Amino acid sequence: MRIGRSTSLPYALVCTAVGLLLGWVPALFHGPIPQKFDAVYMRGDVAVWAFYSARLLIGLSIGITCLPRRWYLRGPLCGFLALLPVSLIALANPGCGARCTFWNLLSAVVLGGAVAGVAFLLTGRHHALETRPG
């Protein structure tokens with residue numbers, strides 16, 4: 001199997017694997033802090049895992065969708081949509097607010113673009129339903 005623009009790697013599998021790998025990168029810089037949620041009587045550890053699981057699902061959502069058709073639009077959009085619900089919870093938390101929401105959504109958009117871009121480089125396809133590369 002040759003990695004490149006004409007490979008037969010399954011697009012959805014590539015997106016999921018790359019998403020699971022890259023989904024941990026934002027946590028290396030600064031992840032959600034459980035104490036910010038504990039302070040408002042929420043289970044902070046559960047809230048933090050909601051952020052992690054949403055971020056790890058970005059690759060899968062890119063891999064199983066085909067609209068918009070081009071990877072450079074679909075990747076960031078899927079990233080944004082995957083993290084939007086938990087980011088709204090961060091927005092409601094006085095310890096987080098708009099600053100946390102902005103950074104979480106920005107990291108999701110960048111992560112989605114990176115996942116879709118790497119998948120395009122590895123498979124040569126814009127989405128899973130595309131039969132020919134490019």
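None of these values were measured; they are calculated from a predicted model.
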Aromatic contact between His126 and Phe120, with the criterion being ring centroids under 6.0 Å apart: yes or no?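 So the answer is yes for these two rings.
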
Side-chain atoms of residues 93-100: list all donor-acceptor pairs with protein atoms under 3.5 Å, sequence neighbours left out, distances to 0.1 Å.
unit_1	atom_1	unit_2	atom_2	d
Asn93	OD1	Gly95	N	2.9
Asn93	ND2	Lys36	O	3.0

May I ask you to list the residues sharing a hydrophobic cluster with [X], side-chain cutoff 4.5 Å, ordered by chain and number?
{"X": "Val48", "result": "Leu20, Trp24, Trp49, Tyr52, Leu56"}
{"X": "Phe51", "result": "Phe37, Val40, Met42, Leu77, Phe80, Leu81, Leu83, Leu84, Val86, Leu88, Ile89, Leu91, Leu105, Val109"}
{"X": "Tyr41", "result": "none"}
{"X": "Leu57", "result": "Leu60, Ile64"}

Name all residues meeting the salt bridge (Lys or Arg N to Asp or Glu O under 4.0 Å) criterion together with Arg69; count only those two or more places apart in sequence or in a different chain, and write none if there are none.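 Scan of Arg69 (salt bridge (Lys or Arg N to Asp or Glu O under 4.0 Å), adjacent residues dropped) gives none.
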
For the hydrophobic clusters of this structure (ILVMFWY residues joined by side-chain heavy atoms under 4.5 Å, transitively), does one cluster hold both Leu9 and Tyr11?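 In one cluster with Leu9: Tyr11, yes.
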
What are the two closest heavy atoms between [X] and [Y], and how far apart are they?
{"X": "Leu22", "Y": "Pro26", "value": "O-CD, 3.6 Å"}
{"X": "Thr101", "Y": "Ala90", "value": "OG1-C, 3.9 Å"}
{"X": "Leu73", "Y": "Pro68", "value": "CB-CG, 3.7 Å"}

Please step through side chain to side chain contact (heavy atoms under 4.5 Å, CB included) for the pair Arg74 and Thr65, ending with a clear verdict. CA-CA 8 Å; Arg74 191 177 63 264; Thr65 58; 3.1 Å; yes

By side chain to side chain contact (heavy atoms under 4.5 Å, CB included) - contacts of Val110 (at least two apart):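 For Val110 the side chain to side chain contact (heavy atoms under 4.5 Å, CB included) partners, ignoring immediate neighbours, are Leu106.
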
Mind jotting down which residue pairs meet the salt bridge (Lys or Arg N to Asp or Glu O under 4.0 Å) criterion with at least one end in residues 42-67? Sequence neighbours excluded, please.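 Residue pairs passing salt bridge (Lys or Arg N to Asp or Glu O under 4.0 Å), neighbours aside: Arg43-Asp45.
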
